[in-house]
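Contents: one structure, followed by commentary.
So that the names make sense, note that chain A is the first sequence line, chain B the second, and so on, each numbered from 1. Here the structure is a predicted model, which means the values were calculated and not measured.
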Amino acid sequence: MTGTLTAPAEAERPPLIADTRWRMFAIVMVGVAVMSTARLISDNDDLTSSGTFGVALRTAAPIGLAGLSGLVAERSGTINIGLDGMMVMGTIFAGWWGWEYGPWMALVGGIIGGMMGGLVMSVATTTFGVNHIVAGVAINLIAPGVARFMASELFVGVQGGSVTSSPGNSGDIGSFTMPFLSGGDLFGWESPDILGWLEDQGWFMIADVAGFFKGLTTSVTWDVVLTIGLFFGIAYLLWHTPLGLRLRFSGERPSAADSLGVSVHTMRYIGMAISGGLAGMGGAVLVLFANRYQENQVAGRGFLGLATMIFGNWMPAGTAAGAGLFGYAQGITLRTNPGDLVRALVLAAAIGLAVTAAWLVYRRSVRGAGTVAAFAAVSFWAYFAVQEPNNQLVFVTPYVVTLIAVTVGAQRLRPPAEEGIPWFKGMQ
Amino acid sequence: MLNRIWRASLAPLIAGVAAILISSIALWLSGNDPVEAFREMWKTIDSTESVVLIINRAVPYYIAGVAVAIGFKMNLFNIGSNGQYLLAALIAGWAGAEVDLPPLLHVPFIFVVAIAVGGAWALIAGILNVTRNVNIVISTIMLNYIAIGLSAFLLAEVFRDEANGGLVAQTKLMPESARIPTLNRLFELVGFDFAPGVDLYGFLPFAIALGIGYYILLNRSLFGYDLKLSGLNPEAARSAGVNPKRMVLITMFLSGACAGLIGLPFLLADPNFLKYGDAFPTTIGFTGLGLALLGRNSPIGIAGAALIWATIERATQRLGPLGVPPEIGRILQGSFLLVAVIAYEVVRRRNDAAAIAAAAAATSIERPPPQPGAPVVGATS
């Protein structure tokens with residue numbers, strides 16, 4: 001220690017927010033151009049159609065909720081590997097209440113089911129200090145068993161029900177279409193569908209952006225609307241309220257939080273209750289989408305959610321972006337010609353990688369450019385060589401995308417400082 | 001010695017009692033008679049046939065538990081053993097049925113293939129971790145799903161047995177030279193006869209050998225020492241000259257290699273399978289996670305856990321006629337596991353606190369003030 005203060009060097013100053021925003025905007029624009037080019041070359045309008053984006057939003061919602069669930073838990077200091085199990089609890093409760101009391105109660109039931117899972121895990125991790133991964137793995141192993149037991153008690157012998165499936169929800173949750181932009185009704189009057197018209201023109205870039213926004217504003221079911229709202233709500237809660245500050249404090253520096261009178265254990269319980277509720281709601285969204293509980297409905301979406309959260313650097317906006325990406329990758333497998341879409345997406349990836357390589361050459365990072373160019377070449381080859389992608393391999397797409405995204409992005413991540421460490425009063 | 005056994009079995013005992021209580025409540029809440037149900041379960045397992053069935057079932061569970069435990073010992077959470085074993089079983093099953101070798105070479109050949117495939121698949125996660133700092137939990141989970149898709153693709157398109165028109169997606173049947181005979185003959189030699197139709201599968205000695213190998217690796221080898229040290233205190237391991245990246249790579253390979261063996265009891269010794277196909281069990285890797293937790297990563301503990309797991313599964317098989325859902329077994333297993341991990345932690349902290357107090361009493365004349373940070377159970381707010 002020299003004892004003198006030195007002004008931070010010019011180069012170390014973080015970029016101005018305006019700069020990063022411009023950079024983000026430029027990246028998004030390049031992304032749109034790449035997708036649009038891929039759409040035109042592969043002659044597959046469905047790549048950026050409003051229908052595809054609509055399905056993507058639908059499949060992104062449960063993944064996003066899982067990511068948000070992980071985010072709240074980890075911000076408050078608990079690594080929540082068990083959120084996949086909490087989603088399973090959400091599906092069984094949503095299937096049960098949705099069948100008995102209707103779709104809105106399915107959401108409530110899902111939240112309650114997940115919350116119970118979160119609290120059980122918190123008893124183990126917070127009160128007893130069990131290793132968080134161990135407790136999470138235990139929850140993941142238990143939840144499917146509980147769900148199966150409940151299903152066999154609730155649904156077996158009921159018309160249309162079985163041990164693997166609920167009889168179906170009573171009623172539909174309804175949906176929302178934005179007036180003026182996407183032609184939604186306004187007090188019984190059918191407003192013009194501006195985005196739909198733009199999309200139909202097929203213009204370079206404009207049609208793709210129109211398709212994106214029309215997909216996000218057309219026939220969005222209310223549970224998904226609520227999901228989008230929750231992203232803003234949780235961001236507000238964590239960064240703009242005293243409770244949020246205490247929650248994050250408990251994840252970053254529990255002993256300091258404790259010294260300032262914050263009850264770390266209470267905070268971690270609250271964090272896990274919210275986290276479980278969000279995960280359970282993710283399960284309920286799945287139930288509302290399929291209109292019934294089905295065994296293994298979750299299919300690892302909790303883990304995908306965790307990956308989106310890591311991909312999003314423990315921030316809501318990043319998590320939402322990640323969920324959108326994985327939702328898109330999963331959504332295209334539900335369209336009429338998933339094989340063609342995957343091919344077009346491979347082409348888009350190839351073009352995107354080629355552009356990145358060119359950028360890296362411009363920035364004189366030869367080694368990086370070489371690596372990226374090699375991946376671009378492989379993608380181009382895959383596009384031209386594989387005419388009909390196999391169904392099983394299409395199923396794998398979102399997981400490969402996740403793995404690649406985490407691999408590329410793992411360098412600049414910053415998790416909450418003391419997450420995953422059991423904490424007891426008096427610890428330093 | 002007795003004291004040690006008592007301390008090791010205290011937590012599982014608590015967990016067992018709690019599990020029976022919780023499942024009884026679940027049964028009672030759902031309108032069944034718990035006493036009746038548990039009486040029926042006991043009747044089901046109380047026969048030689050059941051004991052043999054339980055052991056047969058426990059063998060792959062045991063291997064799965066050991067596979068995961070190798071990683072757990074170093075705090076490497078290899079959640080992906082499921083994908084590793086599926087891929088390994090498929091490729092080993094295909095390769096084993098394709099080649100023509102004498103019996104003494106055929107079985108080792110299949111072992112080598114399974115070990116190589118399982119290890120290689122796990123190594124992907126290890127490499128991503130040491131080169132790109134990717135979280136092992138996330139990468140192994142993603143690799144799980146990729147392995148499921150990949151094995152479905154390979155089975156349907158590449159390795160499918162074309163006999164019978166290739167209608168069923170499965171590999172060819174294992175040739176005679178690759179099959180491991182049952183142990184019945186061995187037991188007959190010592191004068192013990194099984195009832196007809198009851199077979200003790202021949203993979204049991206391999207599983208026992210694996211457990212002994214795991215014990216020696218952990219407790220009698222330099223690598224095992226480094227492994228445990230890296231798990232307990234990574235900083236100390238580093239300053240003692242242990243290369244953490246190398247440890248991650250080797251441990252992931254060993255864990256995956258061991259996971260590759262999970263499918264072999266079915267491929268080589270279970271006459272109901274002897275091939276990889278649709279009916280092949282697909283979730284044993286996940287079961288192994290629970291067993292490693294329950295068995296505290298020790299070779300004996302995992303064996304006990306695997307036997308308990310298999311016993312519960314056997315016991316609940318005949319509950320249907322009583323009107324009790326057999327799924328109660330899942331509740332039993334789950335609550336047992338959850339209470340056990342909590343009880344282990346409580347017992348461990350209590351023992352630690354006792355050890356610290358004893359050490360403090362032995363080394364100081366004056367009793368020091370209670371240390372902040374001493375992990376004491378019950379000191380929670």
Task: A:Arg148 side-chain N/O to B:Glu327 backbone N/O, donor-acceptor pair under 3.5 Å - done: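 Not a single qualifying donor-acceptor pair exists.
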
TODO: For B:Phe38, look at atom CZ and say whether over 12 heavy atoms of other residues, nucleotides or ligands are found less than 6.0 Å away.
DONE: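 Enclosed.
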
Open item on the list: Please give me the minimum heavy-atom distance between A:Val396 and B:Leu150, naming the atom from each residue.
Closed with: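 Heavy atoms only, the tightest pair is CG2-N, 4.2 Å.
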
TODO: Identify the two heavy atoms, one from A:Phe128 and one from B:Arg349, that lie closest to each other, and give their separation to 0.1 Å.
DONE: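 The pair with the smallest heavy-atom distance is O-NE, 3.7 Å.
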
Would you mind checking which part of [X] comes under 4.5 Å of any heavy atom in chain B, side chain (CB onward), backbone (N, CA, C, O), both or neither?
X: A:Val163; result: side chain
X: A:Ile81; result: side chain
X: A:Pro422; result: side chain

Measuring from [X]:[atom1] to [Y]:[atom2], what's the distance to the nearest 0.5 Å?
X: B:Ile148; Y: A:Tyr399; atom1: CD1; atom2: OH; value: 8.0 Å
X: A:Ile79; Y: B:Asn135; atom1: CD1; atom2: CG; value: 7.5 Å
X: B:Glu345; Y: A:Thr127; atom1: CD; atom2: OG1; value: 12.0 Å
X: B:Ile79; Y: A:Asn140; atom1: CD1; atom2: CG; value: 8.0 Å
X: B:Leu143; Y: A:Leu403; atom1: CG; atom2: CG; value: 5.5 Å
X: A:Thr407; Y: B:Ile124; atom1: OG1; atom2: CD1; value: 10.5 Å

Give, as side chain, backbone, both or neither, the part of [X] having an atom under 4.5 angstrom from any heavy atom of chain A.
X: B:Asn144; result: neither
X: B:Val137; result: side chain
X: B:Ala26; result: both
X: B:Ile342; result: both

Open item on the list: Could you tell me if the side chain of A:Glu153 sits less than 4.5 Å from the side chain of B:Asn32, heavy atoms only?
Closed with: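 Result yes, sub-4.5 Å side-chain heavy-atom pair found.
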
TODO: Heavy-atom pairs under 4.5 Å with chain B are the metric here; pick the option from A:Ala124, A:Ala143, A:Gly129, A:Ala151 that has the most.
DONE: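 Most heavy-atom pairs under 4.5 Å with chain B: A:Gly129.
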
Task: Leading residue by heavy atom contact count with chain B [cutoff under 4.5 Å; candidates A:Leu154, A:Val134, A:Leu304] - done: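 Most heavy-atom pairs under 4.5 Å with chain B: A:Val134.
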
Task: Residues in ring-ring contact (aromatic ring centres under 6.0 Å, His included) contact with B:Trp94, at least two apart in sequence or another chain - done: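 Partners of B:Trp94 under the ring-ring contact (aromatic ring centres under 6.0 Å, His included) test: B:Phe159.
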
- [ ] Quick one: which of B:Gly149, B:Ala147, B:Ser139, B:Gly31 has the most heavy-atom pairs under 4.5 Å with chain A, could you say?
- [x]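 Result: the option with the highest number of such pairs is B:Gly149.
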
TODO: Sort out for me which of B:Phe72, B:Tyr145, B:Phe77 touches chain A most, counting heavy-atom pairs under 4.5 Å.
DONE: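 Of the candidates given, the most pairs with chain A belong to B:Tyr145.
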
Open item on the list: Just to be sure I understand the criterion: a residue of residues 328-340 of chain B counts if one of its heavy atoms is under 4.5 Å from a heavy atom of chain A. Which ones qualify?
Closed with: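 Under the 4.5 Å heavy-atom cut-off, B:Ile328, B:Arg330, B:Ile331, B:Gly334, B:Leu337, B:Leu338 qualify.
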
